[in-house]
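Report on one structure; see the data block that follows.
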Amino acid sequence: MISKFANKSFFIRLGSGICLIALILLIIIPGGTLLFEANLLISLIGVYELYRVLGIEKSSLGITGYAATVAYYELLYFHKEEWIMICMALFFICLLAQYVFCFPRYRTEQISNAIMGMIYAGILLSYIYIIRESPNGIYTVWLIFLCSWASDTCAYAVGVAFGKHKMSPVLSPKKSVEGAVGGVVGAAVLGSVYAYIFSDKLHLSVNPVIVFAVICAVGALVSMVGDLAASAIKRNHDIKDYGKLIPGHGGIMDRFDSVIFVAPMIWVLLQIF
């Protein structure tokens with residue numbers, strides 16, 4: 001087992017992973033403008049990576065998507081959420097205007113791809129900032145990473161030890177049903193332990209240990225969907241990674257694929273509780 005992992009690529013992945021976690025801690029703990037700017041940058045890179053895979057990263061459609069992402073974030077920062085739907089409507093109108101006046105340069109699927117990329121990496125990732133800036137945000141924001149990265153580690157460990165039944169043999173042959181169960185249970189346990197440690201800091205209407213266990217279990221399930229969704233897009237376009245920004249991990253979309261889905265789900269669940 002040791003010889004299997006004792007290679008250069010493993011240590012590169014491990015080192016960059018540690019650096020990434022340290023950077024996230026330094027950005028999220030203070031929150032505010034620093035987190036806002038970092039979150040915006042990550043979203044823009046994610047949108048660019050998606051647009052590059054979809055072949056529109058340097059087109060006017062791509063530029064419109066980047067501009068819409070920046071506009072959306074600015075509305076969040078200045079607490080103008082009531083303008084977000086108008087922003088999205090203008091984004092759609094601008095895309096269709098280019099479709100009409102540049103016809104037949106663009107196809108309808110490229111318009112759809114521009115919208116999907118902006119929502120996928122632009123809007124969904126922004127919930128890291130939204131949760132951090134909400135009440136209890138300094139504590140609840142970490143549920144995103146417990147549900148995505150910690151559950152992934154638990155799923156991998158259980159899958160290696162007990163995995164026999166393939167969960168999605170085409171998209172991810174190494175993932176097993178047993179691993180998925182281990183990821184959900186592991187996330188629930190970690191969530192409950194985390195809530196127990198910080199129970200006196202949390203202000204919830206029900207027992208935070210139970211709440212966080214439920215949230216993390218649901219979040220772990222959603223994280224698997226996010227992981228497989230990103231893999232499906234890569235399979236459709238015959239690529240291994242979205243980018244090379246993070247050594248050993250790939251691009252933003254490779255490392256944050258599950259976080260993208262988990263973040264808005266955590267926000268929804270927190271609103272319920």
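Treat the numbers as computed from the prediction; the structure is a model and nothing was measured.
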Among Ile, Leu, Val, Met, Phe, Trp and Tyr joined by side-chain contacts under 4.5 Å, find the other residues sharing a cluster with Phe162 and list them by chain and number. Val158

Measure up the Phe103 and Tyr99 rings against each other and bin them: parallel (under 30°), tilted (30 to 60°), perpendicular (over 60°). perpendicular

Residues Ser148 and Val259: closest non-hydrogen pair is OG-CG2, 3.3 Å

Ignoring hydrogens, what is the shortest heavy-atom contact between Phe261 and Ala229? Give both atom names and the distance. CZ-CB, 4.0 Å

According to ring pair (Phe, Tyr, Trp, His ring centres under 6.0 Å), who are the partners of Phe198, at least two apart in sequence or on a separate chain? Tyr139, Tyr194

Please list, chain by chain and in numerical order, all residues satisfying salt bridge (charged side-chain N to carboxylate O under 4.0 Å, His left out) with Asp227, sequence neighbours excluded. Lys175

Hydrophobic cluster membership, with links at side-chain heavy-atom distances under 4.5 Å among I/L/V/M/F/W/Y: are Tyr66 and Ile260 in one? yes

Test log, rule side chain to side chain contact (heavy atoms under 4.5 Å, CB included), inputs Leu96 and Phe92: CA-CA 6 Å; Leu96 287 182; Phe92 185 55; 3.5 Å; yes

For a quick check under 3.5 Å, do Ser59 and Tyr51 share a side-chain donor-acceptor pair by atom type? no

Would a single hydrophobic cluster contain both Val211 and Val209, if residues Ile, Leu, Val, Met, Phe, Trp and Tyr are joined by side-chain heavy-atom contacts under 4.5 Å? no

Pair listing, side-chain hydrogen bond (donor to acceptor under 3.5 Å, both in side chains) test, anchored in residues 110-121, at least two apart: none

Between Trp267 and Thr140, is a side chain to side chain contact (heavy atoms under 4.5 Å, CB included) present by the stated rule, with each step listed? CA-CA 9 Å; Trp267 185 84; Thr140 55; over 6 Å; no

Measure across Leu202 and Pro208 and return the closest heavy-atom pair with its distance rounded to 0.1 Å. CD1-CB, 3.8 Å

Report yes or no: do Phe78 and Ile130 belong to one cluster of Ile/Leu/Val/Met/Phe/Trp/Tyr joined by side chain heavy-atom distances under 4.5 Å? yes

Does anything in residues 248-272 form a salt bridge (charged side-chain N to carboxylate O under 4.0 Å, His left out)? List the pairs, not counting sequence neighbours. Lys234-Asp254

For residues 74-99, which residue pairs qualify under salt bridge (charged side-chain N to carboxylate O under 4.0 Å, His left out), counting only residues two or more places apart or in two chains? none

For side chain to side chain contact (heavy atoms under 4.5 Å, CB included), just list the numbers for Arg132 and Asn39, CA-CA rounded to whole Å, side-chain angles, deciding distance to a tenth of an Å, and then say yes or no. CA-CA 11 Å; Arg132 173 61 183 85; Asn39 209 154; over 6 Å; no

Honestly curious: do Ile119 and Tyr48 fall in one hydrophobic cluster under the side-chain, below-4.5 Å linking rule? yes

Search all heavy atoms of Ala263 against all heavy atoms of Ile144 and return the closest pair with its distance. CB-CD1, 3.9 Å

Using every non-hydrogen atom in the two residues, find where Ala188 and Ala217 come nearest and quote the distance to one decimal. CB-CB, 4.1 Å

Pairs involving residues 84-111, ordered by first then second residue, that meet salt bridge (charged side-chain N to carboxylate O under 4.0 Å, His left out) (sequence neighbours left out): Arg107-Glu109

Which pairs count as salt bridge (charged side-chain N to carboxylate O under 4.0 Å, His left out) when at least one residue sits in residues 44-60, sequence neighbours excluded? none

Can you find a heavy atom in the side chain of Leu50 that is under 4.5 Å from one in the side chain of Ile233? yes

Do Val53 and Met253 make a side-chain contact, defined as non-hydrogen atoms from C-beta onward lying under 4.5 Å apart? no

Heavy-atom donor-acceptor pair, Tyr72 side chain to Ser126 backbone, under 3.5 Å: no

Ignoring hydrogens and angles, write down the donor-acceptor pairs under 3.5 Å from the side chains of residues 84-91, residues two or more places apart or on other chains.
none

Grab the two heavy atoms, one from Met118 and one from Ala68, that are nearest each other, plus how far apart they are. CE-O, 3.6 Å

One pair to check against side chain to side chain contact (heavy atoms under 4.5 Å, CB included): Val262 and Ser151. What are the steps and the verdict? CA-CA 11 Å; Val262 169; Ser151 69; over 6 Å; no

If you define the side chain from C-beta out and look only at heavy atoms, does anything of Trp149 sit under 4.5 Å from Phe256? yes

Show which residues join Ile93 in its hydrophobic cluster (side-chain heavy-atom contacts under 4.5 Å, direct or indirect), or state none. none

Donor-acceptor pairs under 3.5 Å, side chain of residues 20-36 to any protein atom, not counting sequence neighbours: which ones?
residue, atom, partner, partner atom, Å
Thr33, OG1, Tyr77, OH, 2.7

List, one per line, each side-chain donor-acceptor pair under 3.5 Å for residues 218-226, sequence neighbours excluded.
residue, atom, partner, partner atom, Å
Ser223, OG, Cys147, O, 3.3
Ser223, OG, Ala220, O, 2.6

Under a 4.5 Å cut-off applied to non-hydrogen side-chain atoms, are Ile266 and Tyr127 in contact? no

In this structure, would Val193 and Leu190 fall into the same cluster of hydrophobic residues linked by side-chain contacts under 4.5 Å? yes

Donor-acceptor contact present, side-chain Ser43 to main-chain Ala121, <3.5 Å: yes

Measure the shortest side-chain to side-chain distance between Tyr242 and Ile252 over non-hydrogen atoms and say whether it is less than 4.5 angstrom. no

Find out whether Val160 and Tyr156 are in side-chain contact, i.e. whether some heavy atom of one side chain is under 4.5 Å from a heavy atom of the other. yes

